[in-house]
Amino acid sequence: VRIGFRPEEVQVRAANQTADNKIPVMVRSLTFLGSCCRATLAPDVAGAPDFIADLSANDVIDLAIGVGSRLTVALPPQSLRVFPASGSAA
């Protein structure tokens, strides 16, 4: 299967010890877009693909997030969408 989610659904501040679907990541790139910053995040899991997250500008400033930063993000269960794997019959 493939899992999908919207970039704005990635949570930084809510990634506490009790959060579901926590992923340790490294910030590969960060682009300021006004009210948010688009980040490319690399999971600390072998073989996992990079993904995009839209982080609030306040989170980036308050948490001193920059390229190379390591942090934990959370993906809320209600935000996840499950799709068949590429090439599989639907």
Side-chain angles (χ1 to χ4, degrees):
V1 297
R2 295 176 65 107
I3 303 295
F5 51 89
R6 297 184 57 85
E8 65 272 14
E9 294 170 335
V10 177
Q11 298 178 346
V12 176
R13 290 188 193 261
N16 57 36
Q17 292 180 348
T18 61
D20 291 326
N21 305 318
K22 294 181 294 190
I23 304 171
V25 298
M26 183 190 72
V27 179
R28 286 203 191 273
S29 68
L30 194 61
T31 304
F32 178 71
L33 299 176
S35 63
C36 73
C37 292
R38 178 148 292 171
T40 300
L41 304 177
D44 288 345
V45 178
D50 291 359
F51 60 93
I52 303 297
D54 287 345
L55 310 177
S56 80
N58 287 336
D59 284 348
V60 171
I61 293 167
D62 293 349
L63 302 173
I65 297 171
V67 174
S69 293
R70 294 194 174 278
L71 56 138
T72 299
V73 298
L75 302 173
Q78 68 274 15
S79 300
L80 301 177
R81 304 292 178 257
V82 179
F83 302 96
S86 297
S88 65

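For this chain, numbers begin at 1 and follow the sequence in order. Computed over heavy atoms, backbone and side chain alike; hydrogens, waters and symmetry mates excluded.
- Side-chain atoms of F51 and V73, non-hydrogen and from C-beta on, do get closer than 4.5 Å to each other.
- Taking the side-chain contact (heavy atoms from CB on, under 4.5 Å) definition, one finds that A57 meets it with F32, sequence neighbours left out.
- Considering all non-hydrogen atoms of both residues, S29 and V67 come closest at CA-CG2, 4.0 Å.
- In terms of heavy-atom proximity, A39 sits nearest to L55 at CB-CD1, 4.0 Å.
- The salt bridge (charged side-chain N to carboxylate O under 4.0 Å, His left out) contacts involving residues 30-39 comprise R38-D54, where partners must be two or more places apart or lie in separate chains.
- Evaluated for a side-chain contact (heavy atoms from CB on, under 4.5 Å) with S79, the options E9, E8, Q11 yield exactly one hit, E9.
- Partner I23 forms a side-chain contact (heavy atoms from CB on, under 4.5 Å) with one of L75, V10, T72 and no other, that one being L75.
- Here the shortest heavy-atom pairing between L30 and G66 reads CD2-CA, 4.0 Å.
- Sorted by first and then second residue, the salt bridge (charged side-chain N to carboxylate O under 4.0 Å, His left out) pairs with a member in residues 70-86 read D44-R70; sequence neighbours excluded.
- Linking Ile, Leu, Val, Met, Phe, Trp and Tyr whenever their side-chain heavy atoms come within less than 4.5 Å leaves I52 and L41 in two separate clusters.
- In the hydrophobic clustering of this structure, I61 does not group with L63; members are Ile, Leu, Val, Met, Phe, Trp, Tyr whose side-chain heavy atoms approach within less than 4.5 Å, directly or through other members.
- The structure places CG of N58 at 7.0 Å from CZ of R13, a figure rounded to the nearest 0.5 Å.
- Shown here for A85 and R2, the closest heavy-atom pair between the two residues is CA-CG, 4.0 Å.
- By the criterion of side-chain heavy atoms lying less than 4.5 angstrom apart, applied directly or through intervening Ile, Leu, Val, Met, Phe, Trp or Tyr residues, V25 is grouped together with I3 in one hydrophobic cluster.
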*asked:* Show, in sequence, the C-alpha distance, side-chain angles and deciding distance for L71 and V12, and conclude whether the side chain to side chain contact (heavy atoms under 4.5 Å, CB included) test is met.
replied: CA-CA 8 Å; L71 56 138; V12 176; 3.9 Å; yes

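- Annotation: the span from C37 atom SG to D59 atom CG amounts to 9.5 Å, rounded to 0.5 Å.
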